[in-house]
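We name chains A, B, ... by the order of the sequence lines, and we start the count at 1 in each one. All figures in this text were calculated on a predicted structure; none of them were measured in a lab.
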Number of protein chains: 2
Amino acid sequence: MTTPGRGLHGHVLESLGPAITAGEYPPGSVLRTDELAQRFEVSRSVMREAVRVLESMHLVESRRRVGVTVLPTSEWNVYDPQVIRWRLAGADRPRQLRSLTVLRSAVEPVAAGLAAEHATAEECAELTECALGMVASSRGHQLEKYLFHDVAFHRVILNASRNEMFARLGDVVAEVLAGRTRHQVMFWDPDPAAVTLHVKVAEAVRERDAARAEELTREIAVGALQELDILAP
Amino acid sequence: MTTPGRGLHGHVLESLGPAITAGEYPPGSVLRTDELAQRFEVSRSVMREAVRVLESMHLVESRRRVGVTVLPTSEWNVYDPQVIRWRLAGADRPRQLRSLTVLRSAVEPVAAGLAAEHATAEECAELTECALGMVASSRGHQLEKYLFHDVAFHRVILNASRNEMFARLGDVVAEVLAGRTRHQVMFWDPDPAAVTLHVKVAEAVRERDAARAEELTREIAVGALQELDILAP
DNA sequence: TGCGGAGAAAAAGTCAGACCTTTATGGCGC
DNA sequence: GCGCCATAAAGGTCTGACTTTTTCTCCGCA
């Protein structure tokens with residue numbers, strides 16, 4: 001997605017990171033830099049750089065005379081896009097999808113409300129275009145195309161909210177939607193009700209109706225939660 | 001707070017990180033590892049580790065033959081607690097406080113609703129205790145004591161939501177509350193209405209009334225937004 | 001004049017080895 | 001049984017040499 005494994009240390013990270021987030025080394029496990037360097041056939045300096053990055057993500061802690069200790073999940077920087085990607089690729093993908101979807105359900109309605117207040121004419125147009133694209137691809141097994149427009153739609157909303165923290169969740173939402181499409185229950189065409197809601201959100205934003213945009217987005221969120229059985233039906 | 005500057009590379013980071021997030025090196029600026037190493041009087045290996053960490057936060061990008069380029073704000077990992085701390089310590093503290101408060105206003109009501117569903121008896125007790133502590137310290141210039149209970153209250157809520165992403169915002173909320181108390185408009189005693197609302201949230205959670213907990217927390221959020229002039233009065 | 005390729009230079013990337021610093025631990029004496 | 005000290009194990013730091021990639025420049029040719 002964003003950063004492929006640039007450099008040797010990046011390559012090491014792409015192997016170690018997923019292993020740690022997948023729980024292959026349980027919290028408390030102790031690794032030794034030298035041993036890791038040997039295992040990955042890189043120099044100590046390269047391995048040290050990799051460990052530093054893992055440490056900055058709070059996945060591990062390096063202490064003298066002890067080694068590199070794997071930290072408990074509660075310490076991890078779970079908002080780090082890299083960490084999110086690693087976890088979504090691993091075994092607890094379902095758990096992760098749930099957590100992230102709940103986060104979306106909290107953030108996106110508020111973001112939509114703000115978007116209604118701040119969206120430029122251009123953004124309104126983009127939004128409508130995305131919604132129409134979703135409608136067009138909502139039938140006949142065009143899941144990939146639908147996903148594309150869906151992601152674009154939510155990105156525009158988050159960016160138009162003019163809130164930096166919201167905007168940076170665009171990648172997260174993209175990952176969640178992609179995960180849902182490719183590994184979840186969307187074997188058939190998307191729920192027509194959801195498609196309609198997106199069109200209505202685009203309308204509400206265009207009409208600067210913040211309350212309505214928020215409420216409609218909340219309905220979309222409820223749908224997403226139900227898909228994952230987080231809410232009672 | 002969490003990680004003081006452990007090791008030489010940590011020391012370098014605590015100087016370079018704030019400088020970059022403060023915009024001292026505008027996006028596009030190019031730094032050279034060797035020059036930085038000289039400036040900070042550390043070896044290249046140490047400087048390389050520091051740069052790796054900055055790179056993992058997407059504050060900079062390192063490219064051969066070019067150097068270490070400062071990335072635009074839109075690329076930064078703004079959820080990284082370290083980055084948040086650096087920015088809160090710098091010049092755009094007010095902007096940052098606004099962004100984070102809006103985030104809080106989206107997340108905390110939902111978290112409170114979930115907390116009402118999932119809180120253990122022990123957590124309910126803690127919550128009540130915090131609320132009472134807030135009441136007790138809400139008069140007579142006991143701002144530090146009030147802050148302590150306030151932070152604890154919101155931490156319990158976020159943890160009791162049983163959502164990992166929400167729980168990890170505990171530190172962020174703590175920073176925001178601390179920032180508000182120490183650098184913002186709270187020269188006098190806190191708003192009695194806010195104190196009352198906290199007590200009521202604790203009640204609602206104890207009574208497992210998710211909707212009420214959510215609504216009350218939303219009112220607290222509105223108050224916080226008004227304090228920063230984000231909402232019309 | 002403009003363009004494409006060869007070459008040079010600049011900067012990061014990698015490595016190996018030596019040495020320093022901290023700290024857990026185990027043994028020794030009290 | 002308790003506390004102190006020596007020891008060793010691991011990460012931390014530094015240095016210098018070498019490699020690799022990439023960009024810039026300059027030259028020759030069309």
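Between B:Asp80 and A:Tyr79 there is no side-chain heavy-atom pair separated by less than 4.5 Å. Side chains of B:Thr69 and B:Ser62 form no contact here, defined as non-hydrogen atoms less than 4.5 Å apart.
Of all nucleotides in DNA chain D, those with any atom nearer than 4.0 Å to a heavy atom of chain A start and finish, going 5' to 3', at D:dA8 to D:dT13.
B:Arg6 has its CZ atom 14 Å from the C1' atom of C:dT21, to the nearest Å. Distance B:Asp34 CG to C:dG13 C1': 11 Å, rounded to the nearest Å. A:Glu41 places its CD atom 18 Å from the C1' atom of C:dG13, with the value rounded to the nearest Å. What separates CZ of A:Phe40 from C1' of C:dG13 is a distance of 19 Å, to the nearest Å. When rounded to the nearest whole Å, the span between NE2 of A:His9 and P of C:dT14 equals 7 Å.
Counted by atom type alone, A:Ser45 and B:Ser45 present zero donor-acceptor pairs between their side chains at under 3.5 Å.
Between atom CD of residue B:Glu126 and atom CZ of residue B:Arg155 there is a gap of 12.0 Å, rounded to the nearest 0.5 Å. Distance OG1/B:Thr33 to CZ/B:Arg44: 9.5 Å, rounded to 0.5 Å. Here CZ of A:Arg168 is found 11.5 Å from CG of A:Leu158. Values are rounded to the nearest 0.5 Å.
With ring centers used as reference points, B:His149 lies 6.0 Å or more from B:His154.
Contacts of B:Leu31 with the nucleic acid, taken as non-hydrogen atoms under 4.0 Å apart, involve only primed sugar atoms and P, OP1 or OP2. Looking at heavy-atom distances under 4.0 Å, B:Ser62 makes contact with sugar-phosphate atoms alone, never a base.
Shown here is A:Gln38, whose CD atom has no more than 12 heavy atoms of other residues, nucleotides or ligands within 6.0 Å.
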- Message: I'd like to know whether A:Arg48 forms a salt bridge (Lys or Arg N to Asp or Glu O under 4.0 Å) with A:Glu55, so could you lay out the CA-CA distance, the side-chain angles of the two residues, the decisive distance to 0.1 Å, and finally the verdict.
- Response: CA-CA 10 Å; A:Arg48 285 179 55 74; A:Glu55 205 175 21; over 6 Å; no
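Nearest heavy atoms, A:Val78 versus A:Val83: CA-CG1, 4.5 Å. Summarising the geometry of B:Phe153 relative to B:Leu127, their closest heavy-atom pair is O-CD1, 3.7 Å, with the distance given to 0.1 Å.
Contact check of residues 47-57 of chain B against DNA chain C (heavy atom, cut-off under 4.0 Å) returns B:Arg48, B:Arg52.
In this model, the phosphate group of C:dT14 is not approached by any side-chain N or O of A:Ser43 to a distance below 4.0 Å at OP1 or OP2.
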Give every pair of a protein N or O atom and an N or O atom of nucleotides 24-26 of chain C that lie under 3.5 Å apart, one pair per line with the distance.
unit_1: C:dA24; atom_1: OP1; unit_2: A:Arg63; atom_2: NH2; d: 3.0
unit_1: C:dA24; atom_1: N3; unit_2: A:Arg65; atom_2: NH1; d: 3.0

